[in-house]
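Beneath this line is the structure, given in structure tokens, with notes to follow.
The chains referred to below are lettered A, B, ... by the order of the sequence lines, with proteins before strands, and numbering in each begins at 1. It should be emphasised that the depicted structure is a prediction, and the values quoted were computed from it without experimental measurement.
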2 protein chains.
Amino acid sequence: MWGHMSETLVDQFVETWGVMGNSWGVNNSVARVHGLLIITDRPWCIDELVERLQISKSNVSTSLKELRSWNVVRKVFLPGDRREFYTCEPDAWEMLFNIMRQRKQREFDPILASISSTCEQARQCPAGIAVERLGQMKQMLDTFDKLAGIAFKSETQIKALVSLLPKKK
Amino acid sequence: MWGHMSETLVDQFVETWGVMGNSWGVNNSVARVHGLLIITDRPWCIDELVERLQISKSNVSTSLKELRSWNVVRKVFLPGDRREFYTCEPDAWEMLFNIMRQRKQREFDPILASISSTCEQARQCPAGIAVERLGQMKQMLDTFDKLAGIAFKSETQIKALVSLLPKKK
DNA sequence: TTTTATGTTCTGAACATACAGAACATTTGA
DNA sequence: TCAAATGTTCTGTATGTTCAGAACATAAAA
């Protein structure tokens, strides 16, 4: 009806996306819902997702909430239908950048702040291995921070650059 | 005895490193052992770690095994001591690259293989949204694979490049 | 050999996470 | 109003993870 790929192949992709989520600390259901939205690229409502993925409505509901908080999924309304439909960011790279931005903000920035604070306190200590190592770590995190800043600011250029890489292996 | 930084600051760093591990799917004990080895930069034996971190010997033992499997910690023998000591990779960037290499191999490569296989099977299907999206995903993962290959091969240059970035915020 | 020092693996209890179903809330149409 | 449709949040159970202590293994010293 919406695509021409067999159900089995869609399942295969959804399954793989779920496994990938696991590696990255994303709940399996969340990742599978996301995978299905990605591969089918059309709006789904909750009950359809329940039926297709065979998971509970509450699970689908919370998974969608999570996905929206990562800015990779959004609500859409279909004319003449009062149900809420969900669809994912259509551009794969844009999706990736959204996720990276969020993760940096939630998981990296607080760590950098914490290390910086420890580093600051350590300035009163006499020099030594520990102080030196702490500085090294902070410097590495700072570099990461800077690189991320550059990448997120020049997103369009990065995507253009990436598209210039040879396509075929 | 080994450094001049206060115990409290070491604890602070170890704690932060543990939290950071959590974000990245690394067990808290594993990350804390690693954090302590990083910040003190000297060989520790199991019983010392038990005493310092107040966790069980079995926990320390398995944590060290895990860290060795990531190539970020290695055994060393001190002359006249039959205990096994453990120390971490001294270069922060080298450490990061080791971890990235391992994670790519364990968590990314199998996903890429799986998606590629699905993609291959989909070539017999008539064109459609799903097939197109699948191709997009594969292309993105391929690009990542290529970039990682380049980065790991030119590790030294990357490190040099990174060191050229302005140091202060 | 036996004992002691050192490390690893096994086991069960405590803790955390995932998730279905129930209960609740809200909106729309009768 | 009330009933039906749609979504969200709560609650208890099942499943998975973490980790201390016990049991086991190995090697050095006595």
Side-chain angles (χ1 to χ4, degrees), chain A residues 14-15 17-37 42-70 73-88 106-107, chain B residues 14-15 17-37 42-70 73-88 106-107:
Chain A
V14 168
E15 172 65 19
W17 209 252
V19 171
M20 182 167 212
N22 279 350
S23 317
W24 292 93
V26 177
N27 172 288
N28 194 261
S29 304
V30 173
R32 288 177 64 222
V33 169
H34 189 209
L36 188 61
L37 294 182
R42 60 113 165 161
W44 288 74
C45 72
I46 290 188
D47 281 333
E48 288 171 337
L49 291 168
V50 166
E51 178 62 24
R52 182 66 178 81
L53 296 174
Q54 292 289 301
I55 60 183
S56 74
K57 197 160 65 124
S58 60
N59 199 0
V60 170
S61 176
T62 49
S63 293
L64 286 169
K65 188 177 177 182
E66 175 87 4
L67 287 168
R68 267 177 296 154
S69 85
W70 291 97
V73 153
R74 64 193 170 80
K75 272 189 202 179
V76 289
F77 291 95
L78 301 189
D81 197 321
R82 84 182 167 85
R83 289 172 299 179
E84 293 165 349
F85 286 77
Y86 294 87
T87 190
C88 74
R106 295 184 196 185
E107 292 159 5
Chain B
V14 168
E15 172 65 17
W17 208 250
V19 171
M20 181 166 214
N22 279 351
S23 318
W24 293 92
V26 177
N27 174 286
N28 194 261
S29 304
V30 172
R32 289 177 64 222
V33 169
H34 189 207
L36 188 61
L37 294 182
R42 60 115 166 159
W44 288 74
C45 73
I46 290 188
D47 282 332
E48 287 171 337
L49 291 167
V50 167
E51 177 61 23
R52 183 66 178 80
L53 296 174
Q54 292 288 303
I55 59 183
S56 74
K57 195 161 67 125
S58 60
N59 199 359
V60 170
S61 175
T62 49
S63 294
L64 286 170
K65 189 178 176 182
E66 175 86 5
L67 287 168
R68 267 177 295 154
S69 84
W70 291 97
V73 153
R74 64 193 169 78
K75 271 188 204 182
V76 288
F77 291 95
L78 301 189
D81 198 322
R82 81 184 170 83
R83 289 173 300 179
E84 295 164 349
F85 286 77
Y86 294 88
T87 189
C88 74
R106 295 186 196 184
E107 291 160 5

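Atom pair Asn22(A):CG and dT17(C):P shows a separation of 15 Å (rounding to whole Å applied). The separation between Glu48(B) atom CD and dG7(C) atom C1' is 15 Å, rounded to whole Å. The separation between Asp47(A) atom CG and dG7(D) atom C1' is 9 Å, rounded to whole Å. One interatomic measurement links the two molecules: CG of Asn59(A) to P of dT17(C), which rounds to 16 Å at whole-angstrom precision. In this structure, the CH2 atom of Trp44(A) is 16 Å from the P atom of dT6(D), given to the nearest Å. Rounded to whole angstrom, the span from the CD1 atom of Ile55(A) across to the P atom of dT8(D) amounts to 14 Å. Going from atom CZ of Phe77(A) over to atom P of dG7(D) covers 9 Å, rounded to whole Å. With rounding to whole Å, Glu51(B) atom CD is found 14 Å from dT6(C) atom P.
Distances from the side chain of Glu84(A) to the nucleotides dT9(D), dG7(D), dG7(C) place dG7(D) closest.
A donor-acceptor contact under 3.5 Å is not formed by the side chain of Lys57(B) with the base of dG21(D). No hydrogens or angles were tested; on distance alone, a donor-acceptor pair under 3.5 Å links the side chain of Ser58(A) to the base of dG21(C).
Evaluated for a side-chain contact (heavy atoms from CB on, under 4.5 Å) with Cys88(B), the options Leu37(B), Val33(B), Leu36(B) yield exactly one hit, Leu37(B). Residue Val50(B) forms a side-chain contact (heavy atoms from CB on, under 4.5 Å) with just one option from Ile55(B), Val60(B), Asn59(B), and that option is Val60(B).
Backbone-only contact: Lys65(A) has heavy atoms under 4.0 Å from sugar-phosphate atoms and none from a base. Backbone-only contact: Asn27(A) has heavy atoms under 4.0 Å from sugar-phosphate atoms and none from a base. Among the heavy atoms of the strands lying under 4.0 Å from Arg82(B) is at least one base atom, whether or not backbone atoms are also near.
With a 4.5 Å cut-off on side-chain heavy atoms, Phe77(B) and Glu84(B) count as touching. Between Lys75(A) and Phe85(A), every side-chain heavy-atom pair lies at or beyond the 4.5 Å cut-off. At a threshold of 4.5 Å between non-hydrogen side-chain atoms, the residues Trp44(B) and Arg52(B) count as touching.
Between dC19(D) and Ser29(B), a contact under 4.0 Å exists linking OP1 or OP2 to a side-chain N or O.
Residues Val26(B) and Arg68(A) each lie close to DNA chain D; by heavy-atom proximity, the contact nearer the 5' end of the strand is made by Arg68(A).
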